[in-house]
Amino acid sequence: MSAEIIGTYATAICLLIGSFFVAVGVIGLLKFNDSMTRLHAPTKVGTIGIGMLLLASIIHSAVLGDVSMHELLIMGFLFVTAPISANFIAKVNIHRQACDKPPAPPRDDTWSTLNYPDD
C-alpha cells in the first residue's frame with residue numbers, strides 16, 4: 001500500500017468520525033428542551049467533530065503535497081473560543097433567570113482555595 005492510499009483511508013475515517021460527532025451535536029441541539037442542556041451538545045461534541053473534519057483536511061492536503069497551516073490555526077481558534085462562548089451563554093441564562101440557579105458553594109475556608117482549616 002502506498003502512502004497516498006493510506007492517506008486517503010485516513011482522510012475518509014476522519015471525515016466519517018467528524019460527521020458522526022457533528023450529527024450527534026445537531027441532534028442534541030434539536031432534542032433538548034432547556035437552553036442550558038442545549039448548550040452542551042454543540043459546544044462539546046461539535047468541537048470534536050469540526051476538529052476531526054479539519055484533521056481530515058490536513059491529512060488530505062499533506063497527501064496532495066500542499067501542506068498548509070490554516071487548518072491548525074482554525075482548530076486552535078475553535079478550541080479556545082468554544083468553551084469561552086459556552087461560558088458566556090450559560091452566564092447570560094443564569095443572569096436572566098432562564099434556568100435553575102446552581103447550588104451555593106459550601107461555607108468553609110477550603111472552598112476554591114489552598115488554605116487548610118486550623119484543626
Check residues 69-84 and write down every donor-acceptor pair under 3.5 Å in which the side-chain atom is one partner and the other belongs to a residue at least two apart or another chain.
residue	atom	partner	partner atom	Å
H70	ND1	S68	OG	2.6
E71	OE2	S57	OG	2.8
T81	OG1	F77	O	2.8

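The structure places CE of M52 at 9.5 Å from CD1 of I48, a figure rounded to the nearest 0.5 Å.
A chain of hydrophobic side-chain contacts below 4.5 Å, direct or via other Ile, Leu, Val, Met, Phe, Trp or Tyr residues, connects I17 to V24. Note on I58: it clusters hydrophobically with L53, by side-chain heavy-atom contacts below 4.5 Å among ILVMFWY residues. L15 and L55 sit in two unconnected hydrophobic clusters of ILVMFWY residues. Membership requires side-chain heavy atoms under 4.5 Å apart, directly or through other members.
When all heavy atoms of I59 and G7 are compared, the pair lying nearest together is CG2-O, 3.6 Å. Between V67 and A62 the shortest heavy-atom distance is CG2-CA, 4.2 Å.
Side-chain contacts under 4.5 Å among hydrophobic residues (ILVMFWY), followed directly or transitively, place I5 together with M1, I6, Y9.
Between the S19 side chain and the L16 main chain, no donor and acceptor come within less than 3.5 Å of each other.
Partners of A86 by side-chain contact (heavy atoms from CB on, under 4.5 Å), not counting sequence neighbours, listed by chain and number: L39, T43.
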